[in-house]
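Just so it is clear: chains get the letters A, B, ... in the order the sequence lines come, proteins before strands, and each one is counted from 1.
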2 protein chains.
Amino acid sequence: MSQPTVSRALRGSKSVSAATRANIERIARELNYTVDKNASSLRSQRTHTLALLFFEDPTPDESMINPFFLSMLGSITRQCALRGYDLLISFQQMHNDWHVAYQDSHRSDGIILLGYGDYQTYRAKLEHLVEMDTKFVRWGSVSDDGIGLTVGSDNVGAGRQAGDHLIEIGRRSIAFLGDASDHAPEFQDRYTGLCEAMRAAGLAPDPALQRDAVSSEESGYAAARALLAAGKPFDAIFAASDLIAIGAMRALGEAGLHMPRDVAIIGFDDIPAAGLTSPTLTTVMQDMKGAGELLVDALLRRIDGQPAERRVLPTRLIERQSTAV
Amino acid sequence: MSQPTVSRALRGSKSVSAATRANIERIARELNYTVDKNASSLRSQRTHTLALLFFEDPTPDESMINPFFLSMLGSITRQCALRGYDLLISFQQMHNDWHVAYQDSHRSDGIILLGYGDYQTYRAKLEHLVEMDTKFVRWGSVSDDGIGLTVGSDNVGAGRQAGDHLIEIGRRSIAFLGDASDHAPEFQDRYTGLCEAMRAAGLAPDPALQRDAVSSEESGYAAARALLAAGKPFDAIFAASDLIAIGAMRALGEAGLHMPRDVAIIGFDDIPAAGLTSPTLTTVMQDMKGAGELLVDALLRRIDGQPAERRVLPTRLIERQSTAV
DNA sequence: CGCCATAGGGTATACGTATACGCATATTAT
DNA sequence: ATAATATGCGTATACGTATACCCTATGGCG
């Protein structure tokens, strides 16, 4: 029973007899022996590890993490475990050199990128990754920018869903809170979907009813206040995230407006808090479980040299009191 | 410039001259060269990686993760980064053999254990870890059970804080929702603190006003219903977690009770949703940021063979409407 | 009965780094 | 001035595995 035979047996090579393998496995168990991951990776140049890089624009409290992405973590780790991969995790601020750190040092076979943040500033880094032939997937807008492999929700469809629902309950003047520029492609897509729904119903989207906001309660509050101050009437709000929606609800409440009577409101993400606001918040739920699975699956296909295309996940409208007329 | 010199230079050894080091670093940058982590770990037997093992009792939806621990993730990853360590992550169900998987295969230098769950069932595994001389820290009750190194909130003190506050606003019959058995040492500690506060104020804790509950809204709802059904009067509730508290609030609301007039209520954890309930929920906040830092710090000390003792973190009472008389 | 294919497993080696050791040259003590 | 030390770096080797290659039995086939 030489060392290579043990190596072959434990990795399930077919060139070792069943009897020998059983024997080796028994002895390994007795000795509490496990294969040294470092030696194995060094020799085979495969780490069986994926790196999860989480980046955001710097926040005041640097230890805060967007809860939306955290909720994806469960299915990602689970999927990694099922596929026999470890997960290396790192929460980076955008300015770091995450784009070289992981692949070159042979820590991982591929990278999963999660994060909102200014899309333009990290586009160059993505291109660098492509150049180095680093395997990666990212979560984000699925509209084709040609860089790498993307998995994301059908944001345009989701925007249409939200718009259709608001129109269905009789709303005509629908405001949108969220950055609609190409700095935030996902928010932009949601706005696009809303506009499509409105046009399909014969309504004209009013640019004056769109206000930029990043995904935070404060930003949503500020955006809603600005919208109210502008004086332009509206009877519904589609917020690009639940946090924005919650901030907006606070502003509307302070302004003495009743929801949903005066203003119906829809959020995005279905964070746990959405069921606890008053009124409870109608929102668009993303398939986080499927997201993790598709991300890992797409990345592993890419690592194995199999064809892997963009994947789009459907969303689901969760109707609650904030649109219950 | 031999290979060992490069190795020495890049790791900051003092036995290489400043000029040579600068030169080597420049060339490394030009060539996009980084040290191979696997080879380095293999040779030095140090991975510079910590493993985060997250375990829970199996839940219906296996991809769900306790948001409380997720919020610790930020400061843990950050602290790891600051100390030059990678973080390997794994969410395990209790029944797996996590207690052997990581250390033996040389994936990490040490383990951080997070998780609620039945304490008794994993006690044996902890002892196994100690036997194997595996370096680990865990988050939990700091009451001394002698197994390994623990970092945790001052749960007894927190219970006293909550009790004192409720007594201060004139409550005399304080119920406790949360498992008070030694299956959940942290909840037990919180109950102990509450009882201490009551006794200090000349009140006698009534065992009939304690109801078991695990940390979920459903469980809190059920516990509060049971409490109401028992008919024993009470004017305050201290819930062992915010989720329990939120469930209890739903039960109280359905019973037509007004909070805080009829029943004041305090939760635990200060999850984001606590500020969104109506009434907003008074709660005990744990120092999650400090927690991550202390966990990592304690583990690294242990790995380096330095003395490392148990660490206790203070908590802070966040007063909101649910106790505002 | 001789031939070849095949299964099963051993031998030798390479992966890229860290470290013990040795050897110059430079520096200080005597 | 000579011996004693320190500094800076090269040589040789080991970490534990995976893989290319080789060798031995065994069985099938003519």
Rounded to whole angstroms, how far apart are CD on Gln3(A) and P on dA18(D)? 8 Å
Toward the 5' end of DNA chain D, by each residue's nearest nucleotide, Ala18(B) or Ala39(B): Ala18(B)
Base, sugar-phosphate alone, or nothing: which one does Arg8(B) contact when heavy atoms must sit under 4.0 Å apart? base
Roughly how many Å is it from CG in Asn38(A) to P in dG16(D), rounded to a whole number? 11 Å
Rounded interatomic separation in angstrom, taking NZ from Lys37(B) and C1' from dC15(D): 16 Å
Measure from the side-chain heavy atoms of Val16(A) and tell me the nearest of dT17(C), dA18(D), dG9(C). dG9(C)
Go through dA12(D), dT11(C), dC21(C) for me and flag the one nearest to the Pro4(B) side chain. dA12(D)
Send over the distance from Lys14(A) NZ to dT19(D) P, rounded to a whole Å. 12 Å
dC9(D) C1' sits how many Å from Arg21(B) CZ, rounded? 13 Å
Both Arg43(A) and Met1(B) contact DNA chain D. Which one's nearest nucleotide lies toward the 5' end? Met1(B)
Once you round it to whole Å, what is the distance between C1' of dT19(D) and CG of Leu42(A)? 13 Å
Check the distance between dT17(C)'s C1' and His48(B)'s NE2 and give it to me in whole angstrom. 13 Å
dist Leu88(B):CG -> Leu87(A):CG (nearest 0.5 Å) comes out at 7.5 Å
Residues, nucleotides or ligands: over 12 heavy atoms within 6.0 Å of Arg21(A) CZ: yes
Take atom CD1 of Ile24(A) and atom P of dT17(D), then tell me their distance rounded to the nearest Å. 13 Å
Any Ser15(A) side-chain nitrogen or oxygen under 4.0 Å from OP1 or OP2 of dA7(C): no
A side-chain contact here means heavy atoms from C-beta on lying under 4.5 Å apart; do Tyr33(A) and Glu25(A) qualify? no
Could you check which of dT17(C), dA18(D), dC9(D) has an atom nearest any side-chain atom of Arg11(A)? dA18(D)
Students often get this wrong, so: under 4.0 angstrom with heavy atoms, is Ser40(B) touching a base, only sugar-phosphate, or nothing? sugar-phosphate
Pairwise side-chain contact, Lys135(A) with Asp133(A), heavy-atom cut-off 4.5 Å (strictly under): yes
For the side chain of Ser7(B), starting at C-beta, report the closest nucleotide among dA18(C), dT17(D), dG16(D). dA18(C)
Nearest heavy-atom neighbours spanning Asp189(A) and Ser141(A): OD2-OG, 2.7 Å
Which is true for Ser17(B) with a 4.0 Å heavy-atom rule: it touches a base, it touches only sugar-phosphate, or it touches nothing? sugar-phosphate
For dA18(C), does either OP1 or OP2 sit under 4.0 Å from a side-chain N or O belonging to Ser44(B)? no
What does Thr20(B) touch in the nucleic acid at a heavy-atom separation under 4.0 angstrom: a base, only the sugar-phosphate, or nothing? sugar-phosphate
For Gln45(B), answer base if it contacts any base atom (sugar-phosphate contacts may also be present), sugar-phosphate if it contacts only those atoms, and nothing otherwise; contact means non-hydrogen atoms under 4.0 Å. sugar-phosphate
Assess whether a salt bridge exists between Arg302(A) and Asp297(A), defined as any Lys/Arg side-chain N lying under 4.0 Å from an Asp/Glu carboxylate O. no
